[in-house]
Amino acid sequence: MEVAVPEKSDVDVQALLENTQVQKALSSASQVMEARRAYQPSICSVFKGQATVIESKNGYRFEIDPEAKRELPNIIKNKVQVVAQGAVTEKYTKPHKIGIVFSGGPAPGGHNVIAGLYDAAKEANPQSRIFGFLIGPDGIIEGDYVELDDVIVNGYRNLGGFTMIKTGRAKIDTPEKMALSRATILDLGLDALVVVGGDDSNTNAAFLAQELFDDGIQVIGVPKTIDGDIQVRDADGEVLCAMSFGFHTAARAFAQAISNLCTDCSSDIKYWHVCKVMGRVASHLALEVALQTHANMTLIGEGLADYVDRQRLEKAQENDTVDYTAYGMTLRHLSRLICDAVVRRAAVGKNYGVIVIPEGILEFINEIEVFIIKLNTIIADFNDRHDKDFHTSFALLEDKLDYLRRLFRDMPKGLAPNIWNARDDDLFNDLPAFFQEGLLTERDSHGNFQFSQVQTEKVLLGLVKDYLDILRDQGGYKIGLSPASYMKTMHKAGLDADYYGKILFKDYKQSEYLLIDDSIISMRTLKAVLIQAGALGQEEPIHPAIEKIYKATVPKFKTQTHFYGYDGRGSDPTQFDCTYTYNLGLTVFSLVANGATGQMAAIRNLEHGFENWEPLGVPIAPLMRLEERKGRLTLVLEKSIVDVNAPAFKVVKAYREKWLAAIPGEDQYRRPGQIRLDNENEEDRPITLQINAIGGAGN
Ligand code: FBP
C-alpha cells in the first residue's frame, strides 16, 4: 500500500509567488531592460527640423562594373545623397506605407532602425503605416507581416536581437520569388521596402529596387552585420560608411568575455584559452577584440595571406634551391607560429595565455582556401544538375568522399577537368574526419561557405599539440623558473643552489629565468646528468627537491576552446550602436520621403565622433562587382576585408610583441568592461575606427 508522505516545509509557495517583491524580482522586464526601453538616443542635428530634403552630390566617383550597368540600368546612375533640413512638403507629409525586413544574421541595433523609421514616419504623418515582414525575406515572398504599433516598437527600443519581427537567410533570387514578393508589396500598397542586411541582402535590395522601379516602389538598404565587412569608400578612398551596425556591440561583447579569460588564465596560470570569434571571412572583429583586450596572440587572416617563411627560404638557399612552399600560409606554418608564442611565454614562466582566432582564417590559408573554392564549385554544379541537393543526396561523410573520389575518374561535363584530381583527393583524405565534414558542410542560401560551422581551432590545436610534443621531447619547450623560487626550494632542502644550478640549468645566473638544460627531458635523463656531474651515485635516488624542481619545468599544454559568435550577436547594443541605428532609421525615412530608391542608408563620419555625423544615401549599384557564388560569376556588393595598410592593423602589428608579453613581468591585458548604456567611461566608437581616423584622413 502506498503511503502519502506529507510535504514538510515552512515555505508557503502561494504566498511567496504573490509577494510583490518576489514578483518584481522575477518580472521578465529587468531594470536594465526598462532603462533601455526608456533611453532616447541622440539624433543628428539635421533631424531636428520639421522636415528633411536630400541633396545629390557630384563630388564622389565610382568605378562602375559593366555588368552592374547592364543588370541595374534604373539605379546605376544614382548619386550619393546627403540628408539636409528642408521645408515641409506634401510629398514628405503624405501618409507613407513602408515595409521593413531583417535579412541574414542578427546584429545589435536592428530594433532601433525600426524605431527610428517608425518615429520619423509617424511624426511626419501619424497616418503613416509601417509593416514588418516576418522571419526575413520569406515574409515578403509569402506575404507574412505584422503592422507595427507603439506597443510593439516601444517594447524593443535599444534592445538587442531581431526578436520583434525575426530574421531569415532566404534570398529573393528567382523570377518566381520576385513575382511573389512584388505581389505582396503591391497588395499591401507599399510605397517603399526597407531591407536591413549584409552584403548579400543589400545586393538583393538593389535587384528589388530595379525590379520595382516601374511600379514606383522604392527600395532602401541598411548596412547591417556584426562582421563589419560593409564599409564603403568611393573610388578616391573617401569614406562614406566606415562600419556596418552591430559590429561595435559584438566586438565589445566578445572582448568582455575574452578579457575575463585573460583574468582567469593569469590567475590560475594553467590554461591556454583558444577563442574563435565570428566574422565569416574578414577579421575585423578579431582586430577590434585585440585592441579591446590586448590578448596574447590575435591572428588576423588578412595579415597571413602574404606570409613568407624566411627560415624555410634560407634553408633552401643553402642548397641553391628555392622553396616555393615558403610563400603563403599553410596550416602547418600557422601552427608553428602559435607554438613559437607558447614556447616563448613558457620560457619566462607563463605557460598560459589567450589566443584569438578569427573564424574566417581558413580563407587565408593556401591549401584550405583552394579546397573551399573547389568544393563550392563542385557542390553548386551538383545542385544545378540534380533534383535533390548535394547534402540530401549524400547524407554521410563517406558518401560525399566517395562522390569526390569518383569525380576525378569521371568528371561531369561543365566542370573543369582538373577541379578535383588525385592529389586533391589524397590531401583531402589526410585531413581529420571532423574537418572534412566542416569543409563539406552545407553552403548558405547565397552559396557562401559557412565558416562558423567548422572547428578551425580544433584542427589547429591538433597540429600545435603534436609539434609541442616534439619540441618537449627535444628539450625545446619548458617552463622557465624564477631564480627566487629555485633558491627557496634549494634552501629549504638544505642543498647548494649554485652547485646544482650549474648542473641543471643552461646559462645559470645569466638570464632572468632559469631554463633546464636541453639534455634533461625526463627523470631518466635527469638522473644521468646528475650522475655524470658527480652529484649523484649510481644507486642513489634523486633528491625530492631536485625532482620537484625538474617537474616544475615540464610543461603541459592545457587548452580550453571557446567560440564567440551567437552570444555577441544577441547582445544588447552599445551606446554607439543604439545611436547609429536610430539615426539610420531616421535616414531611411528621409530617403523614402524624398523619393530615393536603390540607395543604402548610411552615416558619414562615424569614425570622427557624433558631432560630425552626416546622414546619407549611398548608391548600391555602383558598389557592385562580379564575384564567384555557387560556382558562377554573380553581381554582389563588394565585401571589405581588413586593410593591412590601414593604421588599426599596423598598430596591432606593432603591439604584437608587447601583448605577447614573452618577457618576465606582468601581462598587458586590458579590461574593456561591460556594455552599459549609462557608462560614460566607455569609448564612443570602435577603437578600430578611432585609430583609422587618426592615421588616415586626419582628425
Ligand atoms: P550576416 O552577414 O548575415 O550579418 O551574418 C554574420 C554571421 O554572424 C557571421 O559572422 C557568421 O559566420 C554567420 O553569420 C553565421 O551564420 P548562421 O547564423 O547561419 O549560423
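Just so we're clear, the structure is a prediction, and the values are computed from it rather than from any experiment. In each ligand, atom 1 is the first atom listed, and ligand 1 is the first ligand listed.
- Residues passing the side-chain hydrogen bond (donor to acceptor under 3.5 Å, both in side chains) test with Asn260: none are found, sequence neighbours excluded.
- Look at Glu627 and Lys639 and you find no salt bridge, because none of the NZ, NE, NH1 or NH2 atoms lies under 4.0 Å from a carboxylate O.
- Taking 4.0 Å as the cut-off between side-chain N and carboxylate O, Arg280 and Asp444 count as a salt-bridged pair.
- Scanning for side-chain hydrogen bond (donor to acceptor under 3.5 Å, both in side chains) contacts around Arg37 gives Glu34, with sequence neighbours left out.
- Here Ser590 pairs with Thr52 under the side-chain hydrogen bond (donor to acceptor under 3.5 Å, both in side chains) rule; sequence neighbours left out.
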Distances for all N or O pairs of ligand 1 and the protein under 3.5 Å?
residue  : atom   : partner : partner atom : Å
ligand 1 : 2 (O)  : Thr225  : OG1          : 3.3
ligand 1 : 3 (O)  : Gly105  : N            : 2.8
ligand 1 : 3 (O)  : Arg169  : NH1          : 2.9
ligand 1 : 3 (O)  : Lys224  : NZ           : 3.2
ligand 1 : 4 (O)  : Lys224  : NZ           : 2.9
ligand 1 : 4 (O)  : Thr225  : OG1          : 3.0
ligand 1 : 5 (O)  : Arg169  : NH2          : 3.2
ligand 1 : 8 (O)  : Arg569  : NH1          : 3.0
ligand 1 : 10 (O) : Asp227  : OD1          : 2.5
ligand 1 : 10 (O) : Asp227  : OD2          : 3.4
ligand 1 : 10 (O) : Gly279  : N            : 3.4
ligand 1 : 12 (O) : Glu359  : OE2          : 2.4
ligand 1 : 14 (O) : Arg169  : NH2          : 2.8
ligand 1 : 14 (O) : Arg569  : NH1          : 3.3
ligand 1 : 16 (O) : Arg169  : NH2          : 3.0
ligand 1 : 18 (O) : Arg169  : NH2          : 3.3
ligand 1 : 18 (O) : Arg569  : NH1          : 2.9
ligand 1 : 18 (O) : Arg569  : NH2          : 3.2
ligand 1 : 19 (O) : Arg169  : NE           : 3.0
ligand 1 : 20 (O) : Tyr566  : OH           : 2.6

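- For the pair Lys400 and Phe394, the cation does not sit on the ring face, since its NZ or CZ is not both under 6.0 Å from the ring centre and inside 45° of the axis.
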